[in-house]
> 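Here you go, one structure.
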There are 2 protein chains.
Amino acid sequence: MNARRKFRREGEERRRQDLIDATLDSVAEHGLEGATLRTIALRAGVTAGLIRHYFPGKEDLLQEAYAALMGRMTEQAKAALAMEDASPRQRLAAFVTANLDAPIIDQRVFSLWATFIGRAGADPALARAHREGYLGFRNEVETVVAEVLAAERRKPDAAELRHHAIAINAIIDGLWIEGCLAGEMFSPGELAAIGIKAVEAELGLAPLS
Amino acid sequence: MNARRKFRREGEERRRQDLIDATLDSVAEHGLEGATLRTIALRAGVTAGLIRHYFPGKEDLLQEAYAALMGRMTEQAKAALAMEDASPRQRLAAFVTANLDAPIIDQRVFSLWATFIGRAGADPALARAHREGYLGFRNEVETVVAEVLAAERRKPDAAELRHHAIAINAIIDGLWIEGCLAGEMFSPGELAAIGIKAVEAELGLAPLS
DNA sequence: GGCGTTGTTGTGCAAGTGTATAAATAGCCT
DNA sequence: AGGCTATTTATACACTTGCACAACAACGCC
């Protein structure tokens with residue numbers, strides 16, 4: 001009796017990914033405080049001791065989990081900008097829409113983002129990770145804005161461009177939060193429509209007739 | 001030897017307030033996980049056992065701390081709308097400015113907000129508290145917007161008004177986050193200026209000459 | 001098939017957690 | 001000054017936590 005538990009050996013990459021996913025699930029559900037090694041291991045279908053085999057300590061696991069989360073978020077958002085055969089204005093609209101519809105608008109993702117970012121003030125490594133992601137995102141915005149305005153035969157200077165990018169970034173972030181926290185208050189596509197209109201107003205674009 | 005520690009008896013209201021402040025400090029510095037009763041008590045200059053004398057349990061202390069935080073945030077923001085002798089447009093601009101300068105733009109406050117709001121997905125009471133605060137805030141915005149547009153002799157319908165309020169709310173929230181997380185990237189007053197311009201563009205107001 | 005490697009389990013441990021409760025004392029009332 | 005009472009300290013306790021380590025067994029290789 002008291003037979004030892006059966007198990008399977010998974011590939012290293014697979015196990016690490018499973019553990020990271022289990023970590024994100026645990027943090028989203030119970031917060032950083034409730035995400036214990038045992039909870040995480042249970043969710044991943046292994047025992048707690050195994051985590052130490054793949055990660056030096058809990059802190060490292062959390063950091064890798066945060067990096068994975070940010071990677072997935074920015075990856076999906078930037079994909080919308082990659083459309084080759086579309087006008088700058090269309091690509092900007094697609095970018096806004098991509099950021100304000102599923103799967104980016106998601107309460108679980110938001111909980112994770114908030115939980116981690118809440119520690120940015122105390123954790124310099126985390127703060128730096130955010131800063132880089134933010135600046136990258138804003139640069140993407142700034143590039144599209146420049147193209148949109150160029151197509152309108154307007155020549156904004158650098159400061160003007162920067163201000164537009166900051167404002168548009170804020171519009172997207174703000175609407176993202178509203179959607180994540182109170183998604184059912186908005187009809188599908190409503191946030192995206194509001195976002196596009198606000199962005200076009202910011203840029204002084206005439207409404208499409 | 002081993003003398004018992006000296007202490008002073010404070011008034012009940014004072015002690016509760018001190019404990020709540022110490023709780024917010026601890027959460028901002030160490031996150032929810034690191035905010036232990038002993039840490040909080042140390043910061044408040046008392047011993048851990050005393051907390052139980054004022055709060056039934058740790059959870060209650062955290063809830064009251066969150067409520068206090070939200071109260072302070074909204075109180076300061078709404079005050080800007082109370083200016084009696086000012087045009088609607090001036091009051092709207094003052095509102096935006098009040099939300100995008102110190103002391104609302106503050107990394108510590110942001111850390112607290114993010115840490116708590118990250119649990120809104122799992123904690124219904126917290127989610128409801130946020131929802132109410134958010135709707136109240138948005139209603140304030142909607143009211144001013146209606147006054148501003150009325151002063152311009154424009155008659156927006158309800159849906160239009162709602163969309164404006166949502167967008168303006170997003171602009172303020174988004175810029176607030178940017179300022180809190182990367183305050184030193186912006187010159188003083190820059191965020192407020194960007195915010196006012198973005199809001200006026202959203203409402204289609206002609207720039208003041 | 002047997003064997004070694006190593007991914008995986010299970011157990012142990014010291015430190016820290018929230019809560020309960022007894023003991024002490026500060027401050028008010030007379 | 002002396003006692004009463006409620007605030008405050010101090011200690012105890014059961015439990016959880018992250019981490020360390022020895023035993024084990026799944027899988028590849030010969």
Side-chain angles (χ1 to χ4, degrees), chain A residues 1-27 29-66 115-116 119 122-123, chain B residues 1-27 29-66 115-116 119 122-123:
Chain A
M1 48 174 51
N2 251 352
R4 189 170 254 252
R5 173 178 175 171
K6 303 286 186 196
F7 62 91
R8 271 185 38 209
R9 303 175 105 132
E10 298 284 353
E12 161 161 358
E13 213 42 54
R14 169 67 184 277
R15 265 282 188 260
R16 290 178 65 87
Q17 202 53 57
D18 282 353
L19 286 172
I20 286 178
D21 286 340
T23 302
L24 291 177
D25 283 343
S26 295
V27 172
E29 189 162 338
H30 309 105
L32 271 178
E33 32 167 0
T36 70
L37 291 182
R38 287 166 176 84
T39 302
I40 294 169
L42 183 66
R43 215 179 194 100
V46 298
T47 52
L50 184 60
I51 295 182
R52 277 272 302 176
H53 193 76
Y54 288 99
F55 301 91
K58 190 191 181 186
E59 210 56 41
D60 305 80
L61 174 57
L62 285 174
Q63 285 213 31
E64 290 210 32
Y66 177 67
T115 302
F116 280 113
R119 289 188 31 163
D123 186 338
Chain B
M1 51 172 45
N2 252 352
R4 192 170 250 252
R5 171 178 176 169
K6 303 285 187 200
F7 61 91
R8 270 184 39 211
R9 303 173 102 128
E10 299 284 354
E12 160 161 359
E13 212 43 53
R14 169 70 184 276
R15 263 280 131 83
R16 290 179 63 88
Q17 201 54 56
D18 282 353
L19 286 172
I20 285 178
D21 286 340
T23 302
L24 290 177
D25 283 343
S26 295
V27 172
E29 190 162 338
H30 309 104
L32 271 177
E33 33 166 358
T36 71
L37 291 182
R38 287 165 177 85
T39 301
I40 294 169
L42 184 66
R43 215 179 194 100
V46 298
T47 52
L50 184 59
I51 295 183
R52 280 269 304 175
H53 192 74
Y54 289 99
F55 302 91
K58 189 191 181 186
E59 211 57 39
D60 304 81
L61 173 57
L62 285 175
Q63 285 213 33
E64 290 210 32
Y66 177 66
T115 302
F116 280 113
R119 288 188 33 162
D123 187 337

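Atom set for the values below is all heavy atoms of this structure, side chains included, hydrogens, waters and symmetry mates excluded. The sequence lines fix the lettering, A, B, ..., with proteins before strands; numbering per chain opens at 1.
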> Return the OG1 to CG distance between B:Thr23 and B:Leu37, rounded to the nearest 0.5 Å.
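Reported to 0.5 Å precision, the distance equals 8.5 Å.
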> Would you please test B:Asp18 and B:Tyr54 for side-chain contact (heavy atoms from CB on, under 4.5 Å) and show each step?
CA-CA 11 Å; B:Asp18 282 353; B:Tyr54 289 99; over 6 Å; no
> Going through the checks in order, is the side-chain contact (heavy atoms from CB on, under 4.5 Å) test met by A:Leu61 and A:Ile20?
CA-CA 7 Å; A:Leu61 174 57; A:Ile20 286 178; 4.3 Å; yes
> Could you grab the distance from atom CD1 of A:Ile40 to atom CZ of A:Arg43, nearest 0.5 Å is fine?
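Answer rounded to 0.5 Å: 10.0 Å.
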> Over how many whole Å does the gap from A:Ile40 atom CD1 to D:dT16 atom C1' extend?
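Distance check: A:Ile40 CD1 to D:dT16 C1' gives 14 Å.
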> Could you state the interatomic distance from CG (B:Leu50) to CD (B:Glu10), rounded to the nearest 0.5 Å?
10.5 Å
> What's the separation between atom CG in B:Leu62 and atom CD in B:Glu59, rounded to the nearest 0.5 Å?
5.5 Å
> Can you measure from CG (B:Asp123) to NE2 (A:His30) and round to the nearest 0.5 angstrom?
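Going from CG on B:Asp123 over to NE2 on A:His30, the span is 12.5 Å.
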> Please state how far atom CD1 in A:Ile51 lies from atom C1' in C:dT9, giving the value in whole angstrom units.
13 Å
> A:Leu61 CG to D:dG18 P: how many Å, rounded?
10 Å
> Between A:Thr39 and A:Ala35, is there a donor-acceptor pair closer than 3.5 Å when you use the side chain of the first and the backbone of the second?
no
> What integer distance in Å separates B:His30:NE2 from C:dG16:C1'?
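Rounded to whole Å, this separation is 14 Å.
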> Find the distance B:Asp18:CG to D:dT8:C1' and express it as a whole number of Å.
14 Å
> Tabulated below should be each protein N or O lying under 3.5 Å from an N or O of nucleotides 3-7 of chain D; please produce it.
{"residue": "D:dA6", "atom": "N3", "partner": "B:Arg9", "partner atom": "NH2", "Å": "2.4"}
{"residue": "D:dT7", "atom": "OP2", "partner": "B:His53", "partner atom": "NE2", "Å": "2.8"}
{"residue": "D:dT7", "atom": "O4'", "partner": "B:Arg9", "partner atom": "NE", "Å": "3.4"}
{"residue": "D:dT7", "atom": "O4'", "partner": "B:Arg9", "partner atom": "NH2", "Å": "3.0"}

> Below 3.5 Å between N/O atoms, which protein atoms pair up with nucleotides 17-19 of chain C? Just atom names and distances, please.
{"residue": "C:dG18", "atom": "OP1", "partner": "B:Lys58", "partner atom": "NZ", "Å": "2.7"}
{"residue": "C:dG18", "atom": "OP2", "partner": "B:Leu37", "partner atom": "N", "Å": "2.9"}
{"residue": "C:dG18", "atom": "N7", "partner": "B:Arg38", "partner atom": "NH1", "Å": "3.0"}
{"residue": "C:dG18", "atom": "O6", "partner": "B:Arg38", "partner atom": "NH2", "Å": "3.2"}
{"residue": "C:dT19", "atom": "OP2", "partner": "B:Lys58", "partner atom": "N", "Å": "3.2"}

> Going through the distances and angles, do A:Arg15 and A:His53 end up as a side-chain contact (heavy atoms from CB on, under 4.5 Å)?
CA-CA 10 Å; A:Arg15 265 282 188 260; A:His53 193 76; over 6 Å; no
> Find the distance A:Lys6:NZ to C:dT9:C1' and express it as a whole number of Å.
13 Å
> Round to the nearest Å and state the distance from A:Arg4 atom CZ to C:dT9 atom P.
9 Å
> Could you tell me the separation between the CZ atom of B:Phe55 and the C1' atom of D:dT8, rounded to a whole number of Å?
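From B:Phe55 CZ to D:dT8 C1': 15 Å.
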